[in-house]
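Input: a single structure, listed below in structure tokens.
Position 1 is the first residue of the sequence; numbering continues from there. Worth saying up front: this structure is predicted, and the values here are computed from it rather than measured.
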Amino acid sequence: MNFKIKHIKKLLHDQDYLEFDRLLVIMENNLKKEVTIYILDDKNNKLNIINTFQELEEFKKLMIQVYGIYGYF
């Protein structure tokens, strides 16, 4: 399943925590089905590949650190 980093960054920039949480739930559900998650740039280059829940947690932490979701917790 593919997700655009531009969309994820916009959610965080706009402080749309509910939608970001929904996105994470979609990613988790896909991981449960053993579907690989690809984070893509605007040119569809793979920036990140997520195959495990551990990798998803690391990605989430990185997004929080880089784009600052202070109200998310």
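In this structure, Glu58 has no salt bridge (Lys or Arg N to Asp or Glu O under 4.0 Å) partners at least two apart in sequence or on a different chain.
To the nearest 0.5 angstrom, Asn51 atom CG is 4.0 Å from Thr36 atom OG1. To the nearest 0.5 Å, atom CG of residue Leu62 and atom CG of residue Asn48 are 8.0 Å apart. Separating the CD atom in Glu57 from the CZ atom in Phe59 is a distance of 12.0 Å, to the nearest 0.5 Å. Atom-to-atom distance recorded for Leu56:CG and Lys61:NZ is 11.0 Å, nearest 0.5 angstrom. To the nearest 0.5 Å, atoms CD1 (Ile26) and CG (Asp21) are separated by 10.5 Å. Note that CZ of Phe20 and CG of Leu12 are 5.0 Å apart. Values are rounded to the nearest 0.5 Å.
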In residues 1-11, what donor-acceptor pairs under 3.5 Å come from side-chain atoms, sequence neighbours left out?
unit_1, atom_1, unit_2, atom_2, d
Lys4, NZ, Asp41, O, 3.4
Lys4, NZ, Asn44, OD1, 2.6
Lys10, NZ, Asp14, OD2, 2.5

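For the salt bridge (Lys or Arg N to Asp or Glu O under 4.0 Å) condition, no pair includes a residue of residues 26-35, sequence neighbours left out.
Within the 4.5 Å cutoff, the side chain of Leu23 has heavy atoms near those of the Met27 side chain. Residues Ile39 and Ile50 meet the side-chain proximity criterion, which asks for heavy atoms closer than 4.5 Å.
Follow the hydrophobic side-chain contacts under 4.5 Å out from Val35 and you never reach Leu40; the two are in separate clusters.
Distance alone, capped at 3.5 Å, places no donor-acceptor pair between the Glu19 side chain and the Asp16 backbone.
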